[in-house]
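The sequence lines fix the lettering, A, B, ..., with proteins before strands; numbering per chain opens at 1.
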Amino acid sequence: MPVSSSGEDEDKPLKSLTRRNNHVIDLDEDDDYEDTPLKEVKVRKRKAETAKKPRKKVKKEKKEVKKEKEVKKEKKVTKEKKKVTKKVKKEVKKEVKKEVKKETSVKQDPGKDSDSQSDVYRWWENEDELEGEIKWHTLQHHGIIFPPEYKPLPKRVKLLYDGKPVSLPPSAEEVAGFFGAMIQTEHAKNPVFQKNFFHDFLEVLKESGGSPEAEIKEFEKCDFSLMYAHFEKEREKKKALPPQEKRRIREEKAKLEEKYRFCLLDGRKEQVGNFRIEPPGLFRGRGAHPKTGKLKRRVYPEQVTLNLDEKAHVPSPPRGHNWGEVRHDNTVAWLAMWRENISNSVKYVRFGNNSTLKGISDFKKFEKARALKDYIDAIRIDYKKKLKSELMLDRQIATATYLIDVFALRAGGEKSDDEADTVGCCSLRYEHVFLKPPSTVIFDFLGKDSVRFYQEVEVDKQVFKNIRIFKKSPKKPGDDLFDRLDPSILNKYFSSYLPGLTAKVFRTYNASKTMQEQLDLIPNEGTVNEKVVRFNAANREVAILCNHQRSVTKGFEAGVQKMNEKIEEMRWRKTRLKRMILQLDKKEKKKRPDYFAEIDELPIEKEKEIVERVLEKDKERDEKWSLREKQKINWEKKSITTEEYEQRLKTLEEDKKKRKVKYEEKHKQLKGETKNHKYDLSSSMTVEKLDGQVEKLEERIANTNLQLKDREDNSTVALSTSKVNYIDPRLTVAFSKKFDVPLEKLFTKALREKFAWAIESADEKWRF
DNA sequence: ACACGGACTTAGTATAGTGAAC
DNA sequence: GTTCACTATACTAAGTCCGTGT
């Protein structure tokens with residue numbers, strides 16, 4: 001399309017308009033901002049005015065083009081096949097080389113049995129694995145598991161419309177059920193969710209012939225509560241199943257899935273990650289996603305493409321169906337794919353996290369981040385210089401790089417209108433950044449997954465000035481802060497330093513670097529538990545850097561209070577023990593005044609409160625116990641004789657009485673104790689013994705305190721994301737070895753498998 | 001040169017599993 | 001042995017980035 005007339009320019013995407021000209025920016029930054037060259041203002045203005053409209057226009061056009069493309073698809077497929085064969089030829093040489101290597105490695109390691117741990121392929125000992133774009137030479141697998149067909153609900157479980165039960169065709173009932181199962185969740189209260197769900201529900205209803213009883217038109221008249229109740233009951237039923245039955249069901253399922261769990265890659269058994277097709281349901285988009293609540297439709301084999309080697313046996317599709325396509329592309333790392341209907345994107349069945357291919361790319365990722373070590377100084381010097389560049393583009397690049405480097409922002413690609421409005425560095429807008437002179441910047445925006453990024457931070461003086469320039473009038477809310485940038489421009493700049501260097505590498509680098517620094521601060525002393533807490537604290541620093549958040553679990557507040565009460569109780573017990581010591585030997589107080597000082601720190605009111613609580617708990621416990629016992633007896637009522645039943649009830653009553661007596665004794669004793677602080681001590685009790693008990697309690701208190709603090713600090717921070725994705729696992733392995741902390745305390749089983757390469761290759765001296 | 005989509009990583013949450021506390 | 005609360009895993013949404021075709 002020619003770009004001559006201004007009318008057509010209006011319809012062009014924004015970025016292309018501005019990117020063409022590298023305007024010289026206002027140098028006199030100190031600072032009459034209105035002094036911007038006229039030309040630039042004009043361009044910006046037009047951009048600002050057209051900001052919203054053309055975006056949408058472009059999108060619409062895109063959609064129409066999409067349809068045409070689908071027609072062309074067939075041609076494309078044949079083309080792709082050609083492409084693949086070409087690639088394969090290109091790599092033939094390497095292939096031969098690899099085969100040779102493989103044989104030798106097999107020879108080196110004979111007599112291994114196929115099922116044991118030693119079977120793990122040690123790819124990290126084979127340098128050749130790290131090059132080339134060929135991912136595999138042979139690949140066999142058993143395909144994928146489809147979700148079970150829909151089973152209609154019992155007749156009595158109906159949707160109520162306008163108060164009256166209505167029957168629905170199975171496919172429509174299924175969709176209604178998806179919503180019905182969710183009515184207690186936040187999603188179901190979201191108007192967008194409701195609207196999208198209802199729209200798609202009506203669509204399915206129409207497709208399937210509608211309801212005979214009523215024409216369903218209004219969401220407000222639908223009552224899903226019968227459905228909800230039904231699902232709840234089913235859930236309860238399932239939960240109440242006897243353990244052995246649960247186990248049986250689980251094992252049966254596992255057996256059925258067994259063959260899908262694994263595939264054969266270059267002859268080696270490797271785990272498959274997600275071997276199940278995603279079941280239909282309502283799309284749970286995060287944040288303010290415009291499509292949230294839409295029906296995610298059932299996927300059929302006809303929509304599925306399998307990927308395996310040419311000679312591999314093609315797993316048979318479910319009865320009465322055919323695979324959409326069978327492909328043999330050894331340049332990719334997926335076993336099957338399908339297209340989902342929400343945003344028409346592709347979903348893949350991929351290898352497990354402990355697989356060779358995932359391991360290799362993980363390893364490469366961290367090595368790339370480590371390579372950045374050698375360039376980061378130069379990069380930083382350059383961007384500091386460039387912050388003052390005369391070219392607007394360069395200033396923006398420098399400023400963005402600063403933000404990515406210092407605040408670990410993501411690249412921030414452009415998003416379309418039918419996704420949640422979230423941003424990263426390049427897509428930051430006017431309203432996301434506030435300036436607070438002299439040099440404080442407040443970031444407030446929604447990042448990936450609509451997680452809020454809020455930070456009030458001190459920034460480099462020049463960065464502050466630049467942002468002020470980037471926000472200068474006529475820019476207004478809704479406009480891009482970096483109007484000359486997108487991730488590809490930034491990444492091109494990065495790769496001029498180091499091929500393959502991109503924005504996300506900075507995140508990995510700074511995360512692992514931070515972890516290394518934090519670990520270096522930890523003294524090699526204390527218990528294993530203390531070291532783990534310190535490790536987690538280091539981990540937490542990284543998580544905060546990356547803004548990895550999680551929502552507080554609903555029982556959190558109560559849990560903290562409970563723990564605090566527990567600590568109080570232990571302190572009280574300790575005080576009590578110390579009083580006993582003094583009762584045994586008054587002279588102790590003079591010998592160790594500090595030791596006994598805490599006795600006076602416990603006000604009598606507080607003590608009474610604690611004692612009350614302890615007794616209350618005892619009582620509750622007894623009550624619960626007797627209730628449970630009774631239930632147990634009633635459960636077995638049918639399988640025992642009446643006599644036996646009576647007998648057991650009688651024993652229960654007796655036991656209850658015994659407990660009550662015991663409780664009352666204790667009650668009396670504690671009450672008395674709190675009054676006069678006199679204790680019944682057995683004649684064999686000694687100061688030493690009591691000292692020992694105090695020490696133990698002190699340990700427990702310290703431990704619980706540590707745990708509590710850890711828990712509070714972690715309540716809104718997700719440690720796992722950085723542990724899994726950003727912190728070089730060799731750091732953790734080195735820490736484990738150097739500090740004698742069992743790796744199991746730092747890595748779960750899944751992570752130990754995922755990071756087998758790191759566990760094998762790092763010693764206590766390893767550094768990022 | 002650039003829009004697009006494919007392929008892959010990164011992310012929070014729902015749920016299953018588990019082990020400590022009673 | 002049961003419950004409860006947390007932890008680990010499963011799931012799938014939502015990013016990044018690159019190659020490709022136009």
The side chain of [X] lies closest to which of these nucleotides: [options]?
X	options	value
A/Lys365	B/dT9, C/dG15, C/dC17	B/dT9
A/Arg276	C/dC11, B/dA7, C/dC17	C/dC11
A/Trp334	B/dA7, C/dG15, B/dT10	B/dA7
A/Thr748	C/dA8, B/dA11, C/dC18	C/dA8
A/Thr508	C/dA14, B/dG12, B/dT10	B/dT10

Is [X] touching bases, backbone alone, or none of the nucleic acid, heavy atoms closer than 4.0 Å?
X	answer
A/Ser551	sugar-phosphate
A/Glu419	nothing
A/Phe283	sugar-phosphate
A/Gly285	sugar-phosphate
A/Gly412	sugar-phosphate
A/Lys364	nothing
A/Val451	sugar-phosphate
A/Ser720	nothing

Original post:
Tell me, do A/Ile145 and A/Glu257 make a side-chain contact under 4.5 Å, heavy atoms counted?
Top reply: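 They are in contact (side-chain heavy atoms under 4.5 Å apart), so the answer is yes.
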Whole angstrom is fine here: how far is it from [atom1] in [X] over to [atom2] in [N]?
X	N	atom1	atom2	value
A/Asn725	B/dG12	CG	C1'	12 Å
A/Leu751	C/dT9	CG	C1'	10 Å
A/Phe351	B/dA7	CZ	P	13 Å
A/Asn274	B/dA7	CG	P	14 Å
A/Lys296	C/dT12	NZ	C1'	6 Å
A/Arg410	C/dC17	CZ	P	11 Å
A/Glu133	C/dC18	CD	P	14 Å
A/Asp449	B/dA11	CG	P	8 Å

**OP:** For the pair A/Phe193 and A/Phe179, name the ring-plane relationship: parallel under 30°, tilted 30 to 60°, perpendicular over 60°.
**Re:** tilted
**OP:** If the plane angle is over 60° it's perpendicular, under 30° parallel, otherwise tilted; pick one for A/Phe283 and A/His289.
**Re:** perpendicular
N or O in side chain of [X] less than 4.0 angstrom from [N] OP1/OP2:
X	N	result
A/Tyr348	C/dT12	no
A/Thr721	B/dG12	yes
A/His548	B/dT10	no
A/Arg350	B/dC8	yes
A/Lys448	C/dT16	no
A/Arg339	B/dG6	yes
A/Lys291	C/dA13	no
A/Thr422	C/dG15	yes
A/Lys347	B/dA7	no

Original post:
Just by modelled atom types, is the A/Asn344 backbone N or O under 3.5 Å from a matching donor or acceptor in the A/Arg339 side chain?
Top reply: yes
Subject >> A/Glu569 bridged to A/Lys566 by N-O distance under 4.0 Å >> reply: no
**OP:** Using the salt bridge (Lys or Arg N to Asp or Glu O under 4.0 Å) rule, collect all pairs that involve residues 714-729 of chain A, keeping only residues at least two apart or in two chains.
**Re:** A/Asp728-A/Arg730
**OP:** Mind checking side-chain contact (heavy atoms from CB on, under 4.5 Å) for A/Thr508 and listing every partner two or more places apart, or none if nothing turns up?
**Re:** A/Lys365, A/Phe366, A/Ala369, A/Tyr726
Between protein and nucleic acid, restricted to nucleotides 14-20 of chain B and to nitrogen or oxygen atoms under 3.5 Å apart, what atom pairs and distances do you find?
none

Subject >> Residue closer to the 5' end of DNA chain B, A/Ala333 versus A/Arg286 (nearest nucleotide) >> reply: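 On the 5' side of the pair lies A/Ala333.
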Original post:
Distance only, no hydrogens: is a donor on one side chain within 3.5 Å (strictly under) of an acceptor on the other, for A/Ser722 and A/Asn539?
Top reply: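 Yes - a donor-acceptor pair under 3.5 Å links their side chains.
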**OP:** Look at the side chain of A/Lys504 and the base of B/dT10, then say whether one donor and one acceptor between them are separated by less than 3.5 Å.
**Re:**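 Looking at the base of B/dT10, it does not pair with any donor or acceptor on the side chain of A/Lys504 (distance under 3.5 Å).
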Original post:
Quick one: are the ring centres of A/Phe453 and A/Phe407 less than 6.0 Å apart?
Top reply: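 That pair fails the under 6.0 Å test.
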Subject >> Nearest-nucleotide comparison on DNA chain C, the residue closer to the 5′ end among A/Phe275 and A/Gly413 >> reply: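 The 5'-side residue here is A/Phe275.
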Subject >> Residue whose closest nucleotide on DNA chain C lies nearer the 5' end, A/Ala503 versus A/Arg550 >> reply: A/Arg550
Original post:
Do you know which two heavy atoms are closest between A/Gly500 and A/Ser495, and how far apart they sit?
Top reply: N-CB, 4.2 Å
